[in-house]
Peer 1: 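Right, I'll just put the structure down here and ask away after.
These values consider heavy atoms only, across backbone and side chains, with no hydrogens, waters or symmetry-generated copies. Throughout, residue positions are numbered sequentially from 1 according to the sequence presented.
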Amino acid sequence: MVGVGDDVEEVGVTEAVKRGSRLSGTERAQLAEELSKGYAEGKSIRALAEEAGRSYGFVHRLLSESEVSLRSRGGATRGRTKQHPEPEQRAS
């Protein structure tokens with residue numbers, strides 16, 4: 001638990017704020033900044049949500065409100081993968 005005199009940035013907002021509590025003002029802005037940095041480093045929204053003790057939707061909304069450019073979905077697409085035919089070899 002972080003006391004009044006403790007430096008919040010030293011601990012990190014995700015550890016300093018009680019999980020699941022309502023956030024507003026500077027705490028929300030600090031959490032948004034921390035999540036934005038993690039997302040920019042390549043962490044997924046799901047990983048950030050788990051670390052922060054928040055829902056996927058909350059983290060997604062916070063990143064969107066912070067005008068973070070969200071990556072497109074990754075992973076396999078539905079359906080069969082397209083097979084490219086082997087180039088024909090000519091006999092010379």
Side-chain angles (χ1 to χ4, degrees):
M1 182 119 208
V2 176
V4 175
D6 293 337
D7 186 9
V8 173
E9 288 193 34
E10 187 176 291
V11 176
V13 178
T14 54
E15 290 88 20
V17 176
K18 184 178 177 186
R19 293 175 184 247
S21 64
R22 186 174 294 275
L23 290 179
S24 62
T26 57
E27 288 180 335
R28 187 177 178 98
Q30 287 175 337
L31 181 59
E33 184 179 333
E34 189 173 308
L35 294 173
S36 296
K37 286 179 184 177
Y39 190 75
E41 292 171 356
K43 292 182 180 180
S44 69
I45 294 176
R46 291 197 190 283
L48 292 169
E50 188 174 322
E51 287 178 12
R54 300 288 172 167
S55 70
Y56 175 94
F58 176 84
V59 173
H60 186 276
R61 185 172 48 255
L62 205 57
L63 291 173
S64 296
E65 288 172 2
S66 300
E67 298 181 0
V68 172
S69 179
L70 300 177
R71 298 185 291 268
S72 62
R73 289 178 49 122
T77 57
R78 294 191 173 116
R80 293 178 46 173
T81 58
K82 295 180 180 178
Q83 301 260 338
H84 296 286
E86 293 291 323
E88 293 181 30
Q89 293 188 6
R90 297 182 185 195
S92 297

Peer 1: Can you name the residues that form a salt bridge (charged side-chain N to carboxylate O under 4.0 Å, His left out) with Arg28, not counting sequence neighbours?
Peer 2: Glu65
Peer 1: I'd like a table of donor-acceptor pairs (distance under 3.5 Å, sequence neighbours excluded) in which one partner is a side-chain atom from residues 38-49, with atom names and distances.
Peer 2:
{"residue": "Tyr39", "atom": "OH", "partner": "Arg71", "partner atom": "N", "Å": "2.7"}
{"residue": "Lys43", "atom": "NZ", "partner": "Glu51", "partner atom": "OE1", "Å": "3.3"}
{"residue": "Lys43", "atom": "NZ", "partner": "Glu51", "partner atom": "OE2", "Å": "3.2"}
{"residue": "Ser44", "atom": "OG", "partner": "Ala47", "partner atom": "N", "Å": "3.0"}

Peer 1: Among all residues two or more places apart in sequence or in another chain, which pass the side chain to side chain contact (heavy atoms under 4.5 Å, CB included) test with Ser66?
Peer 2: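 Testing Ser66 for side chain to side chain contact (heavy atoms under 4.5 Å, CB included), a comparison that skips the adjacent residues, returns Ala32, Ser36, Val68.
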Peer 1: Report the distance from atom CG of Leu35 to atom CZ of Arg54, rounding to the nearest 0.5 Å.
Peer 2: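 Nearest 0.5 Å value for the CG-CZ distance: 9.5 Å.
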Peer 1: Any chance you could measure Glu34, atom CD, to Lys37, atom NZ, to the nearest 0.5 Å?
Peer 2: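 Between Glu34 CD and Lys37 NZ, I get 8.0 Å after rounding to 0.5 Å.
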